[in-house]
Amino acid sequence: LKSVRLAGLSLESLSNALEQAYHDVEAGNRAKSQFMATMGHEIRTPLNAILGTAELLELSHLPPSVATGVQTIRRSGEALLEIINEILDFAKIEHGNLDVEIRPVDLRAVVSATVVIIRDRATEHGNRIALEMPVAFEAPFISSDPTRLRQVLLNLLSNAIKFTKNGLVTLRVSEMRAQDQAVLRFEIIDTGIGIDGDGLCKLFRPFSQVDASISRKYGGTGLGLTICKQIVEVLGGRIGVDSVKGRGSTFWFEIPAVPAERLSDDADVDER
Ligand code: ADP
């Protein structure tokens with residue numbers, strides 16, 4: 001208060017200035033998020049055309065050298081699309097409107113489809129993938145968002161594969177009860193580079209990568225875990241990690257296992 005008076009400012013003018021600065025920052029943030037969302041959509045449209053054409057070409061009989069080129073175009077396009085989708089999701093998080101669509105989810109189908117998608121990537125890194133899932137779930141159909149659930153699993157599994165070389169990545173799914181509520185627990189366990197205590201504190205913050213040299217080596221936006229955390233929390237769950245540097249990491253998340261009636265055969269198929 002003394003320094004405010006010394007600077008010749010009244011409390012009222014200081015509070016007005018602070019309020020104005022707050023509104024300016026808010027407006028700046030909104031403009032930034034809007035810009036990111038618009039750019040994301042503008043880039044996604046031509047990119048989808050490139051990907052669609054590459055996929056069509058892959059179905060035809062091409063000379064081996066051309067086929068390799070087309071595969072590179074498709075894979076690079078997919079990587080770019082992943083980045084753009086992350087930026088779009090982050091813009092939604094900043095606006096506080098990350099969308100989820102709750103409906104019946106066939107748990108087994110979502111998990112198996114995710115493992116199929118990830119298997120090729122694991123092999124490229126010399127990693128084996130193991131799936132530990134109970135033969136039967138108490139509630140095989142739960143009320144959740146299948147697309148968002150698959151997104152979180154893909155993200156955590158991709159990270160596990162990216163930071164593990166010639167090792168083992170295990171996806172373990174289990175059912176448990178917490179505070180008298182049925183809960184599904186997913187653990188993504190890797191035998192990779194691990195994370196030290198300092199790194200663990202900042203993992204789920206936007207744009208955080210454990211160290212800059214690692215980010216240059218492995219690439220990535222530093223947004224994946226922020227998005228996973230937000231999705232899991234919107235789905236009513238929690239997320240965390242245990243890790244030992246040099247030994248490996250276990251990323252886990254838990255979501256409520258609210259039983260759902262099976263509505264239709266394609267209940268778990270959705271493209272966002
Ligand atoms: P990105 O992978 O795009 O950099 P993420 O938010 O998914 O962004 O991850 C943030 C950082 O967390 C990574 O850059 C890496 O430093 C660390 N990290 C995430 N998963 C693992 C893992 N399984 N093992 C070791 N480090 C990891």
Side-chain angles (χ1 to χ4, degrees), residues 36 40 43 47 75-94 98 111 114-115 117-132 147-173 185-235 237-254:
M36 281 161 80
I43 296 170
L47 190 55
R75 286 196 179 164
S76 307
E78 282 169 356
L80 191 52
L81 192 59
E82 253 174 53
I83 295 172
I84 288 159
N85 284 339
E86 280 192 348
I87 292 172
L88 280 178
D89 274 344
F90 183 63
K92 286 181 189 166
I93 290 174
E94 284 210 310
L98 187 86
V111 170
T114 310
V115 172
I117 294 173
I118 215 73
R119 196 152 257 149
D120 275 355
R121 219 180 288 180
T123 314
E124 278 167 25
H125 281 75
N127 292 320
R128 281 179 302 124
I129 289 267
L131 174 59
E132 293 177 13
T147 312
R148 291 296 188 191
L149 191 55
R150 190 177 55 185
Q151 184 181 356
V152 174
L153 284 170
L154 272 176
N155 221 312
L156 298 179
L157 282 165
S158 302
N159 275 350
I161 289 166
K162 185 160 91 170
F163 295 105
T164 305
K165 190 93 192 111
N166 300 326
L168 177 66
V169 172
T170 307
L171 169 57
R172 182 181 294 155
V173 190
R185 183 177 169 91
F186 297 84
E187 287 162 284
I188 294 86
I189 308 157
D190 69 55
T191 55
I193 62 172
I195 305 155
D196 63 16
D198 282 350
L200 284 176
C201 310
K202 55 182 185 185
L203 274 190
F204 294 96
R205 287 189 219 140
F207 305 110
S208 71
Q209 294 183 311
V210 169
D211 81 45
S213 60
I214 279 186
S215 75
R216 272 197 301 276
K217 185 172 169 201
Y218 295 96
T221 58
L223 288 176
L225 290 177
T226 306
I227 295 167
C228 287
K229 182 172 184 324
Q230 186 70 25
I231 293 175
V232 169
E233 287 176 359
V234 172
L235 293 177
R238 54 194 201 117
I239 190 168
V241 56
D242 304 305
S243 187
V244 179
K245 194 160 172 68
R247 299 275 299 275
S249 311
T250 297
F251 281 82
W252 58 264
F253 66 96
E254 293 169 359

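For ligands, and for the atoms within them, numbers begin at 1 and follow the listed sequence. Model, not experiment: these values are computed from the prediction.
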Side-chain donor/acceptor of N127 to backbone N/O of L168, under 3.5 Å: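 No; judged by distance alone, with no hydrogens or angles, the pair does not exist.
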Ligand 1 and [X], any nitrogen or oxygen pair closer than 3.5 angstrom?
X	result
N159	yes
N155	no
G224	yes

I need the atoms of ligand 1 closer than 4.0 Å to a non-hydrogen atom of [X], numbered in the order shown.
X	answer
K162	1 (P), 2 (O)
F251	19 (C), 20 (N), 21 (C), 22 (C), 23 (N)
S249	24 (N)

What part of [X], side chain from CB on, backbone N/CA/C/O, both or neither, has a heavy atom under 4.0 Å from ligand 1?
X	answer
I188	neither
E86	neither
I195	side chain

Lys/Arg N to Asp/Glu carboxylate O, E124 vs R75, below 4.0 Å: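 Between R75 and E124 there is a salt bridge, with a charged N closer than 4.0 Å to a carboxylate O.
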Residues K245, D198: salt bridge by 4.0 Å N-O rule: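 Answer for the salt bridge query: no.
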Are the side chains of [X] and [Y] in touch, meaning some heavy atoms are under 4.5 Å apart?
X	Y	answer
L225	I239	no
Q151	D89	yes
V234	Q230	yes
L81	E78	no

Heavy-atom gap G222 to ligand 1 smaller than 4.0 Å: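 For ligand 1, residue contact (heavy atoms, under 4.0 Å) with G222 is present.
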Name of the residue among V115, V169, T114 meeting side chain to side chain contact (heavy atoms under 4.5 Å, CB included) with L131: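 That would be V115; it is the only one of V115, V169, T114 passing the side chain to side chain contact (heavy atoms under 4.5 Å, CB included) with L131.
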Minimum non-hydrogen distance to atom 12 (O) of ligand 1, winning option of D196, L203, T221: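 Heavy atom nearest to atom 12 (O) of ligand 1 belongs to L203.
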